[in-house]
Protein chains: 2
Amino acid sequence: MVMVHPVANAKANHVFRALADPTRRAIFENLSRRGEQTVHSLTRHAGVSQPAVSKHLTVLKRARLVRHRREGRETHYRADADALAPMVNWLEQYGAFWRERFERLEGLLERMDG
Amino acid sequence: MVMVHPVANAKANHVFRALADPTRRAIFENLSRRGEQTVHSLTRHAGVSQPAVSKHLTVLKRARLVRHRREGRETHYRADADALAPMVNWLEQYGAFWRERFERLEGLLERMDG
DNA sequence: ATGAACCATAACCATATGGTTATGAATTGT
DNA sequence: ACAATTCATAACCATATGGTTATGGTTCAT
């Protein structure tokens, strides 16, 4: 059990900020549900212009929430759920009710596989 | 297992927005760790002015992340971790890696007390 | 070769955001 | 009664944010 000092955690900050915007969250949700997509495809469902989508993707990229892959003239983006870890860790620390539930299960697992 | 349409979830929106700011997150962390506190007490650890703290508390209040109780001239605030549920639910849906971990533990619990 | 498609960036704009100081209302202490 | 404490709100300000249109560089199709 690692104890994290409440001092500004840069990684967590990026993730929290990135997911604060509903349009950005929708883009991430889209990538999570329907898998890898081009900017063009994302734009069609985003409700905002292509440059806006590109900028949102840049923010998600800085938070490591998405990765990209160039293929010819199109860029394919995919969600990287592992980058949610800082947010999950934060909830583990400060979400008391939820933490209890989690730790109860955690302890149970440990007792199981010895 | 409830399926939530990705349409703007107002509750989740408030929670995500409220926790996006590091100062606000620090205030919530403070309340979670040290329990109920007055605005004055919170201000001493916040690094910003008292009015700034009050405004942050208003935002947290709208997200239901804190509750308050007037007692004479001071207002006592406390964290309400249950309000984190929308964020946890969102992670359950879109945090693939984490979801697996969670469901594995969830299933284990069911088999135990089943 | 030329035009269309795809994407990122630049330039710009309106509004939101997070901070400040000033102030006032209510409560407490002297 | 009067001064001090606590808190919220008002007024204000600088900057961040999220959107737009314009543009240019690649890549693909014809």
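Values below: all heavy atoms of this structure, side chains included; hydrogens, waters and symmetry mates excluded. So you know, we letter chains A, B, ... as the sequences are listed, proteins then strands, and number each from 1.
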Stretch residues 34-44 of chain B: residues that reach within less than 4.0 Å of DNA chain D through a heavy atom: B:T38, B:V39, B:H40
Distance in angstrom units between [X] [atom1] and [N] [atom2], rounded:
| X | N | atom1 | atom2 | result |
| --- | --- | --- | --- | --- |
| A:L57 | C:dT9 | CG | P | 11 Å |
| A:R69 | C:dA8 | CZ | P | 13 Å |
| B:L19 | C:dG18 | CG | P | 12 Å |
| A:N13 | C:dG18 | CG | P | 12 Å |
| A:R17 | D:dT15 | CZ | C1' | 12 Å |
| A:I27 | C:dC7 | CD1 | P | 13 Å |
| A:R62 | D:dT17 | CZ | C1' | 11 Å |

Listed once per pair and sorted, the salt bridge (Lys or Arg N to Asp or Glu O under 4.0 Å) pairs that draw on residues 62-75 of chain B, sequence neighbours left out: B:E36-B:R69, B:R67-B:D80, B:R69-B:E71
Residue list, side chain to side chain contact (heavy atoms under 4.5 Å, CB included) with B:P86, at least two apart or on another chain: B:K11, B:A12, B:V15
Partners passing side chain to side chain contact (heavy atoms under 4.5 Å, CB included) against B:A18 (at least two apart in sequence or in another chain): B:V59, B:L60, B:A63, B:L65
Exam field: side chain A:R25 to backbone A:L19, donor-acceptor pair closer than 3.5 Å: yes
Per-nucleotide protein contact string for nucleotides 19-30 of chain C, where B marks a base within reach and S marks sugar-phosphate only (heavy atoms under 4.0 Å, - for neither): BBBB----BS--
From B:E92 atom CD to B:N89 atom CG, the distance as rounded to the nearest 0.5 Å: 5.5 Å
Spacing of A:R17 atom CZ and B:D21 atom CG [to the nearest 0.5 Å]: 7.0 Å
Ring pair (Phe, Tyr, Trp, His ring centres under 6.0 Å) contacts in which one or both residues fall within residues 61-93 of chain A, not counting sequence neighbours: A:F16-A:W90, A:H68-A:Y77, A:W90-A:Y94, A:W90-B:F28
Short side-chain N/O contact to [N] OP1/OP2 from [X], under 4.0 Å:
| X | N | result |
| --- | --- | --- |
| A:R24 | D:dG18 | yes |
| A:Y77 | C:dA8 | yes |
| B:T75 | D:dA8 | yes |

Counterpart residues, side chain to side chain donor-acceptor pair (under 3.5 Å), relative to A:S54 (two or more places apart): A:Q50
Sugar-phosphate only, base, or nothing, as touched by A:S54 at under 4.0 Å among non-hydrogen atoms: base
Let me check something: any side-chain donor-acceptor pairs from residues 41-48 of chain B under 3.5 Å, sequence neighbours excluded? List them with distances.
residue : atom : partner : partner atom : Å
B:S41   : OG   : B:Q37   : OE1          : 2.7
B:T43   : OG1  : B:V39   : O            : 2.8
B:H45   : ND1  : B:S41   : O            : 3.0
B:H45   : NE2  : B:R34   : NH2          : 3.4

